[in-house]
Amino acid sequence: ASFHHKICTLFPATDLLLAWNPICLGLVEGVIGKVQLHTDLPWWLLLIRQKALIGKLPGDHEVYKITKIAVIPLSETEPQDLELELCKKHHFGINKPEKITQSPDDSKFLLKTLTQIKSNVSAPNKKKIKESKEKERLEKRLLEELFKMFMDSDSFYYSLTYDLTNSVQRQSACEKTDLSLWRKVDDRFFWNKHMIEDLIVTDVMDFWIIPIIQGFVQIEELVVNYSESSDDEKSSPETPPQESTCVDDIHPTFLVALISRRSRHRAGMRYKRRGVDKNGNVANYVETEQLIHVHNHTLSFVQTRGSVPVFWSQVGYRYNPRPRLDKSENETVSCFRAHFEEQLKNYKKQVIINLVDQTGREKIIGDAYLKQVLLYNNANLTYVSFDFHEHCRGMKFENVQTLTDAIHDIILDMKWCWVDQAGVICKQEGIFRVNCMDCLDRTNVVQAAIARVVMEQQLKKLGVMPPEQPLPVKCNRIYQIIWANNGDAISRQYAGTAALKGDFTRTGERKLAGVMKDGVNSANRYYLNRFRDAYRQAVIDLMQGIPVTEDLYSIFTKEKEHEALHKENLRSHQELVSQLLQSYMKLLLPDDEKFHGGWALIDCDPSLIDATHKDVDVLLLLSNSAYYVAYYDDEIDKVNQYQRLSLEALEKIEIGPEPTLFGKPKFSCMRLHYKYKDTSGYFHTLRAVVRNPEEDGKVLKSCKSLSHFCSLLSGLQYVVTGK
């Protein structure tokens, strides 16, 4: 087949024999499709350059993740060096392609010629050269975003023999036919449909059409072993070595797979896509299916997530923009109805689990959602509200069980899809549609909790688990990691960073490390949505055949301006901090205390972060006899509360890199332990506002403010207490 920028032309294979000097560029795994990133730019052909085997689903179906892509400009006639794997047939005995390099003399000649051409260019042509350079820079920027989408986010998956777009229940409802895989797919999740339209319309190139999903897939085999010691115990030198035995003979095993498929409708980035559109499609709509396979039995449970289906947005690039409603109640009704009519057609019944805060800035969205549900008044729609932050305040995410206990009967009544070799044993009747504001962090924790209740019931029905026993420790740990990976993948696709509650989903307990990492991720999200989202959104829209409304050239210019502005803002921020410290030094310190230093820091106290879902700014002031922790509210631009603590009450200081479960430490933090009314156990945990990436891993030196505070404090405390 020969791709042109508008059409795909078919040729008989015999034509290749008659072609003059055909060149084999190398091997590819398949065709993704074609895309034009801007009307000023050429069409590009996207190919799967490298894949990774994720695992095998029931029936020995292999599932692959796309790890590298190749991009070919369709206007190019000369062969390019695409760094493809060489084909053994046409590159026999050659390991790497030889690259032709110019001689130094040739380079000098070309450089000289180019200089002469430039000097002879007239003034009008200089404008064209400038436009050409801008076009090149924009093309490079959009291509970078395209490559990142496919290669950095672990987002795109396919199978040549299994329909990843359809759940087990939908597959079992279809008649057995010899139709090609792409002809049976669920159109909502066929991510590359628009890009491969040229092949679809030929109606004879089924072999080349590979349906790709954006989302997440993980497949694991788990062993139900209650006597198995933990990894820590097994590595202990006191533990005697045990003889290896075949687990299948003693302990039952089962396959668990998690498949998340993102809708291609209203796809995009968090601050660019919110709520519902005029067709009833919602942002961040993802169907997640949990599969259990034991012997010849496959059990499937499906849940969905999606943005609150009203017209709303978060405008601006503040840290946490205030949500607002964009259309009236009456204007929303028809689109809300369209969304749920489509959902009920696909899933019969819906149980809405709404996790948004019932107070504060999120309340306006939760109230609008409930009002629309009441106006819709459909017997097949059940509405459950659970204020996640209120119930799980202070890192108590295990309180999600309050919700699963309350809806336990609904979970059991919903059942699940169960098939064996003979056919369908039972079907899932309805689904849970879970949402928070972003349908990311809170949603993932709750979906994992519901899916776990279902899985334990399924395994007990199959006789894999004893009736009164919970999931074994190791099984549970792997299960939590699978769901945490799922949350991180969906979050990266929609918000640009990993899920904020990831460590709870992984370990089942909220740790200080996770809270502190949340602060890093939140700050990352704030930065990322500024300009990168505009490019990423443009690439996503073009992949789906949606016209780009934003002027990308102007965004490109603004990005450059912002970089300069950002540096200027940093300087003015430091001046502002200095002024604040001087002001509050005079305000808070009595006349008989001497001011020794002040710092702008972040309070990492877990209850504060979980309650407000954002970093808490503090000013730390040190005098000769006390230290002050002043809480600064950036919305009202003033300190709203403070604590004065005598240096005599200070018991100990812990300082070092943040404890993380995965990866390198990102911050140094300091914990100040103190007595309150002669009672120990109180502390403040503080960290720097920003970090220097070059100083990762260094303990005290990686935060000058903490180091400076400690050096001053050590001298002062000796004077005060004699310690």
Side-chain angles (χ1 to χ4, degrees), residues 54-55 65 152-155 157 214-222 230-231 255-262 284 286-292 301 303 305 355 388 392 395-401 403-404 432 434 436 438-456 470-522 524-525 606 609-610 613 658-666:
I54 295 299
K65 176 173 69 180
D152 291 352
S153 61
D154 294 339
S155 292
Y157 299 82
Q214 186 187 30
F216 175 76
V217 181
Q218 188 167 344
I219 304 164
E220 299 288 344
E221 187 171 67
L222 302 185
S230 69
D231 291 340
L255 187 87
V256 61
L258 203 61
I259 304 170
S260 282
R261 31 187 93 98
R262 179 179 293 281
N284 201 20
V286 181
E287 180 187 84
T288 299
E289 179 181 22
Q290 181 176 276
L291 286 173
I292 304 294
F301 184 73
Q303 301 178 76
R305 69 178 77 194
L355 305 174
F388 186 96
C392 303
M395 304 201 303
K396 293 185 171 64
F397 290 113
E398 63 274 13
N399 289 352
V400 168
Q401 192 174 341
L403 172 64
T404 53
F432 288 103
V434 187
C436 49
D438 299 328
C439 304
L440 297 177
D441 315 324
R442 292 171 272 182
T443 296
N444 204 61
V445 170
V446 168
Q447 283 196 338
I450 293 170
R452 179 182 163 161
V453 172
V454 172
M455 185 174 74
E456 288 185 348
L471 205 61
V473 174
K474 190 170 182 182
C475 278
N476 188 47
R477 188 164 62 248
I478 296 169
Y479 174 79
Q480 286 168 336
I481 288 169
I482 295 170
W483 270 95
N485 291 343
N486 177 66
D488 282 351
I490 290 170
S491 180
R492 276 194 298 271
Q493 292 157 21
Y494 188 52
T497 63
L500 296 185
K501 303 291 182 288
D503 73 302
F504 175 75
T505 318
R506 289 175 198 280
T507 64
E509 58 181 278
R510 191 81 169 125
K511 295 188 177 178
L512 179 66
V515 175
M516 295 177 72
K517 195 157 62 173
D518 279 4
V520 181
N521 284 345
S522 294
N524 283 346
R525 286 185 184 177
I609 286 182
D610 286 332
H613 204 53
E658 65 164 325
T660 55
L661 297 172
F662 302 96
K664 290 182 179 179
K666 291 186 172 65

Contacts of type salt bridge (charged side-chain N to carboxylate O under 4.0 Å, His left out), residue Glu456, not counting sequence neighbours: Arg452

Those residues that, when tested against Arg262, pass salt bridge (charged side-chain N to carboxylate O under 4.0 Å, His left out) (two or more places apart): none

Within-4.5 Å side-chain heavy-atom neighbours: Val445 and Phe388: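 Yes, their side chains come closer than 4.5 Å.
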
May I ask you to test the Ile450-Phe301 pair for a side-chain heavy-atom distance under 4.5 Å? yes

Please report the interatomic distance [atom1]([X]) to [atom2]([Y]), rounded to the nearest 0.5 Å.
X: Leu258; Y: Gln447; atom1: CG; atom2: CD; value: 9.0 Å
X: Leu471; Y: Tyr479; atom1: CG; atom2: OH; value: 8.5 Å
X: Glu220; Y: Ile478; atom1: CD; atom2: CD1; value: 6.5 Å

Going by the rule side-chain hydrogen bond (donor to acceptor under 3.5 Å, both in side chains), which residues pair with Ser260 if we only count those two or more places apart in sequence or in a different chain?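 Testing Ser260 for side-chain hydrogen bond (donor to acceptor under 3.5 Å, both in side chains), a comparison that skips the adjacent residues, returns Thr288, Asn486.
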
Got a sec, which residues hit side-chain hydrogen bond (donor to acceptor under 3.5 Å, both in side chains) with Glu289, two or more places apart in sequence or on another chain? Arg261, Ser300

Counterpart residues, side-chain contact (heavy atoms from CB on, under 4.5 Å), relative to [X] (two or more places apart):
X: Cys439; value: Asn284, Arg305, Asn435, Thr443
X: Ala257; value: Leu57, Ile219, Leu291
X: Gln401; value: Thr404, Asp405

Shortest non-hydrogen separation from [X] to [Y] and the atoms involved:
X: Gln493; Y: Gly215; answer: NE2-O, 2.8 Å
X: Leu440; Y: Ser491; answer: CD2-CA, 3.6 Å
X: Cys475; Y: Leu222; answer: SG-CB, 3.9 Å
X: Leu355; Y: Arg442; answer: O-NH1, 3.4 Å

Can a side-chain donor-acceptor contact be found between Trp483 and Gln290 if the only test is distance below 3.5 angstrom? yes

Give the C-alpha distance, both sets of side-chain angles, the deciding distance and a yes or no for side-chain contact (heavy atoms from CB on, under 4.5 Å) between Asp488 and Phe216. CA-CA 9 Å; Asp488 282 351; Phe216 175 76; over 6 Å; no

